[in-house]
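The chains referred to below are lettered A, B, ... by the order of the sequence lines, with proteins before strands, and numbering in each begins at 1.
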Amino acid sequence: MTPRNSLTLSMTCLWEVGRSQRSLWAACQCGLCPCRERCGTERMSATPTQKALPGLLWIPQGRWFRSAVGPTTLYGPPSGRGKPWSEKESAGTTQKVWFRRGVNSHNPCGTSWIEMVGEMTMVNVGLNDQVWGISCEDRAVYFRQGVTPSELSGKTWKPIIVGRESDRSHSGSSSSLLSAGCFFGDEVRGSGTESAPSDTDASSEVERQDPEQVLPRESVDNSRSLKGSLSKGPETRGSTEDTLENACPADSKKAPEASGVDECHGPASTPAELPWTNIDLKEPKRVSSQPSAGFPETTGLSSLGLFPLGMEEPYVADDHPLWAWVSGGGCAVEACSVLKWFTVQSGLSPSVQSLSLSITPAQTAAWRKQIFQQLTERTKRELESFRHYEQAVEQSVWVKTGSLQWWCDWKPHKWVDVRVALEQFTGHDGARDSILFIYYMIHEEKKYLHVFLNEVTVLVPVLNEAKHSFALYTPERTRQRWPVRLAAATEQDMNDWLALLSLSCCESRKVHGRPSPQAIWSVTCKGDIFVSEPSPDLEAREHLLPCDQMFWRQMGGHLRIIEANSRGVVWGIGYDHTAWVYTGGYGGGCFQGLASSTSNIYTQSDVKSVYIYENQRWNPVTGYTSRGLPTDRYMWSDATGLQECTKAGTKPPSLQWTWVSDWYVDFSVPGGTDQEGWQYASDFPASYHGYKTMKDFVRRRCWARKCKLVTSGPWLEVAPIALSDVSIIPESADADGRGHHIALWAVSDKGDVLCRLGVSELNPAGSSWLHVGTDQPFASVSIGTCYQVWAVARDGSAFYRGSVSPSQPAGDCWYHIPSPPKQKLTQVSVGQTSVYALDENGNLWYRAGITPSYPQGSSWEHVSNNVRKVSVGPLDQVWVIANKVQGSHGLSRGTVCHRMGVQPREPKGQGWDYGIGGGWDHISVRANATMVPRNVSREQEAHGQGPVYC
Amino acid sequence: MTDDKDVLRDVWFGRIPTCFTLYQDEITEREAEPYYLLLPRVSYLTLVTDKVKKHFQKALRQEDVSEIWFEYEGTPLKWHYPIGLLFDLLASSSALPWNITVHFKSFPEKDLLHCPSKDAVEAHFMSCMKEADALKHKSQVINEMQKKDHKQLWMGLQNDRFDQFWAINRKLMEYPPEENGFRYIPFRIYQKLGLSTLYYPGTMQTKVGLELRERDLPASERYLPAYASPVLGIKTTTERPFIQKLFRPVAADGQLHTLGDLLKEVCPSAITPEDGEKKNQVMIHGIEPMLETPLQWLSEHLSYPDNFLHISIVPQPTD
């Protein structure tokens with residue numbers, strides 16, 4: 001924790017003046033600066049007293065900090081400002097950085113203070129007005145980038161990397177840095193003020209600060225601020241940790257443990273806070289030596305039952321050095337020089353990555369351009385006039401052979417050893433085609449089957465505890481629900497084959513590089529990410545492309561949800577609720593080398609939980625025992641009771657995953673538990689409840705254990721808020737949406753509805769979150785092409801958000817829409833005009849009666865059952881993940897399906913076309929605005945009498 | 001944005017249009033037409049000239065057929081140099097196609113190595129690869145590879161299969177994430193010297209007496225490697241032994257070394273002084289990368305398949 005003085009004298013102020021005497025910086029430890037105006041004190045001001053002094057000594061004038069300012073005055077909403085205040089716990093003070101603008105020889109006083117983003121314990125100004133600082137949050141050394149003679153305030157804080165290998169993405173610093181990355185956006189923060197910063201603006205911004213950030217330390221002890229405060233200090237990492245993690249959200253009203261712990265956390269960072277919104281930020285995830293985390297109170301939501309698992313990782317921080325002082329006064333840095341202090345060679349912490357999401361200097365360097373250009377010229381010079389010359393080396397067939405195992409087609413199905421050979425041919429036009437041969441023995445007879453790789457629609461890794469296998473689908477095999485399954489002896493071997501086969505498939509289809517902005521994205525239940533280039537036929541009225549013919553290629557990374565927009569903005573959410581933004585790269589994971597882009601590939605990790613159940617039966621003599629009846633299920637089992645799952649015997653889902661926690665009782669199961677986590681029922685299997693009655697003869701409790709996967713892919717973390725749903729505005733291909741920002745809505749893992757500001761093609765991560773108030777936690781959100789925002793609350797009802805527009809990105813109010821009778825909605829998806837919702841029983845509902853004047857619509861009409869996920873696109877096309885689909889050879893769970901016959905007159909369509917599956921979990925078609933050819937669209941216009949209200 | 005991977009493709013698929021003509025003094029039975037061919041820049045002459053050999057053998061009397069060798073404007077062409085290097089060094093300023101003279105007689109024993117079969121090329125190529133990896137990774141990567149991987153590298157080159165080659169070669173281009181690059185950059189610098197300057201002033205020739213693989217080779221008086229070559233110290237390429245300078249991709253202060261840094265260190269005469277007239281071209285694969293180009297990037301992207309950066313320094317052509 002940052003050392004602090006007591007409240008009354010806490011104001012240490014550190015001034016730094018540049019040699020040019022035009023640059024004045026100040027860092028003050030001042031929870032108070034923001035509240036000064038609120039308390040009615042005077043403006044912060046300073047006057048030079050002794051102009052003669054070289055270096056321009058400044059001292060604060062007047063009562064900078066009123067001693068009268070005390071905790072009591074800090075409570076309550078600020079006066080005179082429209083913004084509501086949320087109150088949250090923040091154990092640290094903030095140490096604001098101020099820049100005095102307008103200082104010059106004529107006006108040495110300058111004109112106004114500008115509050116700089118970032119919190120620094122100190123700043124130091126060097127010879128050429130460059131600025132160094134020590135961040136409050138992570139005590140890392142920062143350098144102010146972009147300081148030039150014309151722009152002395154610079155642009156961003158950039159951490160100077162002090163070469164420590166251990167600074168990996170889970171270090172305490174990363175989260176705070178990342179949030180710093182958010183701070184540093186150029187966007188207007190908050191929702192209101194847009195004018196350039198001035199004294200008043202600065203203070204109004206400041207005012208939006210959380211009032212409790214400025215709480216004196218003592219106030220942390222008062223009971224109010226303790227509510228919901230959950231300690232995650234390393235000290236509590238004992239046996240109670242798991243219990244705490246789960247219990248605390250539930251009984252946040254007591255949380256007595258937290259008070260004691262607060263006193264004893266070690267030197268650590270304050271939680272990253274975003275100053276410009278009233279949203280309750282979850283503490284940065286994985287900040288290990290975290291003092292105490294803020295839990296929300298504003299919405300008054302109970303996280304009970306929905307507390308995300310796999311969120312609070314008990315990682316021990318890499319102890320990166322905590323810097324106390326930096327002096328750069330002797331260091332002349334030319335404004336334009338390229339500094340190399342910031343590059344980390346490996347294991348880039350995501351924070352640093354996020355700062356460099358845009359094109360790195362190396363990519364734009366002149367030398368690189370020159371090489372590209374010269375190579376092109378060389379090819380032209382040496383080849384153009386000589387193409388008729390014979391090639392010295394004739395193209396030949398290349399064969400790669402190997403030994404794999406194959407899941408045989410005949411019963412009993414089993415793995416049989418096979419020889420495989422991949423033959424690649426190159427035609428005269430340079431196009432390549434490949435055939436995969438699989439040689440097997442049956443009844444001592446040698447046979448083979450072969451697959452043309454240009455017919456392969458997808459290659460899916462199927463990793464489990466025992467086998468490194470993958471499945472290969474063609475349209476025919478998709479229809480049969482029976483892929484070719486092959487297994488390799490080692491992971492490396494499998495990855496080699498998978499990468500080679502994928503590359504061959506992509507080459508034969510001439511697909512490479514970054515997916516187009518219109519691409520359709522999907523995710524399997526294993527978290528693997530696939531992307532498909534939509535052909536114009538896909539949404540054609542007639543002769544449309546059957547969706548089993550879509551070609552899917554894998555993208556590195558691990559996600560649970562993915563959403564895209566036709567301007568190339570793609571967001572994903574991991575199993576641990578981490579939000580990720582697509583970087584524009586391709587490859588990663590097992591796709592290395594040629595199948596991967598050189599840049600924009602980063603380390604990605606994900607965490608999920610494995611659940612097993614402890615089952616007990618009531619014995620009149622001994623009470624509940626782990627001795628069941630002979631007919632009972634296993635006393636340690638999976639959820640169904642059919643599989644025995646002991647603590648010792650249960651393994652992570654596949655070899656990619658490793659355990660990162662021990663087993664702990666999961667209290668967040670549906671139905672509730674008693675204090676020990678038990679759920680009671682009259683018998684197995686039954687519905688369980690969280691209290692014991694006379695009729696309950698059995699009980700069970702859920703144990704969870706977290707495991708972690710580390711992979712790589714074109715993804716960067718968007719910290720610090722964990723999300724459970726996200727939706728990006730779909731745009732039609734011809735709509736010229738360029739210019740204004742891309743609307744992006746999300747639901748945090750706690751159920752807060754959020755609106756992301758500043759999202760654009762160039763800055764797909766956006767800049768800041770805007771909180772949209774709700775009176776209960778939400779589960780799902782979706783925004784349609786015309787800014788119609790629909791959401792589903794956790795109670796299963798739907799809401800429509802009124803008046804959302806580019807100029808009013810958060811809209812004005814929610815309109816409650818009752819759910820279909822006796823159904824609880826779980827997901828909603830909005831296209832151009834269509835609104836579809838999904839309930840917890842897998843029913844798909846269409847919202848009827850939507851008109852421009854009545855955008856809420858009138859009723860829900862049932863469309864289909866057997867649906868797990870729905871995605872409605874900008875053409876009002878409807879795609880779902882179906883629960884079960886029967887093929888000629890087998891059943892598949894989790895199949896991509898396309899709604900047929902969707903027309904303006906018949907927006908609900910008729911029937912389904914079955915695509916790839918099973919094992920698919922999520923699809924987003926919301927980027928695909930690829931229109932059918934002209935004549936058809938004109939016809940469509942003629943018939944277009946649908947409820948268009950754009 | 002163009003991807004760096006495209007550089008690898010462009011480098012690999014570089015072709016030099018070449019016109020092969022039989023030496024006038026060769027005795028032919030019938031007239032030998034010139035033979036036109038696109039030669040892969042990254043390959044070796046004796047590896048890709050089967051067609052040329054066949055073509056001209058037909059015109060020769062059977063008894064006159066002996067080992068084929070090539071010459072350009074009087075200079076015998078060393079088959080163990082990549083084709084692109086030979087072209088950049090000797091012919092980059094002349095018009096295309098490149099006119100190569102084909103000989104079957106009077107093998108210049110003093111200038112050229114014999115190439116009895118493609119095995120000789122393979123042996124040479126693989127030994128270069130191993131040298132390069134010794135510099136880059138203390139041989140760890142190449143030694144960890146299986147025999148079939150080595151074979152795949154060679155077959156990839158021989159059959160002009162980019163994917164086949166790079167599927168393995170990418171492993172040789174990796175480096176530990178905690179490093180900023182390779183241990184040392186495998187490079188060789190060649191300078192074309194005018195007839196008056198026959199020998200590069202080498203003062204470092206006779207330091208350590210390791211095996212001189214090409215010791216028997218006398219000087220070619222027209223061009224010679226300035227510095228460069230085997231990992232373990234001394235070896236002659238043409239006439240003089242020389243030392244492979246060990247050059248790291250990153251300076252002690254963490255700054256990335258550039259092509260300019262390398263030249264300054266190894267071959268300062270090649271660099272145009274700031275105020276002076278440009279006298280030399282620094283060429284790799286027929287292009288002149290800027291001297292600011294990071295050496296590590298060059299090594300990863302503009303190395304020949306043998307994993308060496310073959311850098312030619314040739315006089316600036318006067319128009």
Can you check whether A/Gln374's main-chain N or O pairs, donor with acceptor, with B/Glu288's side chain at less than 3.5 Å?
no
Is there a donor-acceptor contact under 3.5 Å from the side chain of A/Arg368 to the main chain of B/Thr293?
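No.
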Rounded to the nearest 0.5 Å, what separates atom CD1 in B/Ile287 from atom CD in A/Gln373?
10.5 Å
Gap between atom CZ of A/Phe372 and atom CG of B/Asp10 - 0.5 Å precision
8.5 Å
Is it the backbone or the side chain of [X] that comes under 4.5 Å from a heavy atom of chain A, or both, or neither?
X: B/Trp98; result: neither
X: B/Ile83; result: neither
X: B/Pro97; result: both
X: B/Glu174; result: neither
X: B/Thr18; result: backbone

Looking only at heavy atoms, what is the nearest atom pair of [X] and [Y], with distance?
X: A/Val393; Y: B/Val48; value: CG2-CG1, 3.6 Å
X: A/Glu507; Y: B/Asp163; value: OE2-OD2, 3.0 Å
X: B/Leu38; Y: A/Tyr389; value: CG-CB, 3.4 Å

Taking side chain as C-beta onward, heavy atoms only, is [X] less than 4.5 Å from [Y]?
X: A/Phe386; Y: B/Tyr36; answer: no
X: A/Lys400; Y: B/Gln164; answer: no
X: A/Ile371; Y: B/Trp297; answer: yes
X: A/Glu382; Y: B/Arg15; answer: no

For chain A, find its close neighbours in residues 141-151 of chain B: heavy-atom separation under 4.5 Å, sorted by number, or none.
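Against chain A, none of the residues of residues 141-151 of chain B fall inside the cut-off of heavy atoms under 4.5 Å.
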If we define contacts as heavy-atom pairs under 4.5 Å, which of B/Gly14, B/Pro17, B/Gly156 has the most with chain A?
B/Pro17
Top contributor to chain A interface from B/Glu292, B/His285, B/Met173, B/Gln152 [non-hydrogen pairs under 4.5 Å]
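Of the options given, most contacts go to B/His285.
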More than 12 heavy atoms of other groups within 6.0 Å of B/Lys54 NZ:
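Check fails, neighbour count at 12 or below.
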Identify which part of A/Arg381 has an atom lying under 4.5 Å from any heavy atom of chain B, answering side chain, backbone, both or neither.
both
Checking A/Leu383 against chain B: side chain, backbone, both or neither under 4.5 Å from a heavy atom?
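For A/Leu383, side-chain heavy atoms alone lie under 4.5 Å from chain B.
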Lys/Arg-Asp/Glu bridge criterion (N-O < 4.0 Å) met for A/Glu390, B/Lys51:
yes
Could you walk me through whether A/Lys369 and B/Met290 satisfy the side-chain contact (heavy atoms from CB on, under 4.5 Å) test, starting with their C-alpha distance in whole Å, then the side-chain angles of each, then the deciding distance to 0.1 Å, before giving a yes or no?
CA-CA 10 Å; A/Lys369 278 189 198 150; B/Met290 291 168 75; over 6 Å; no
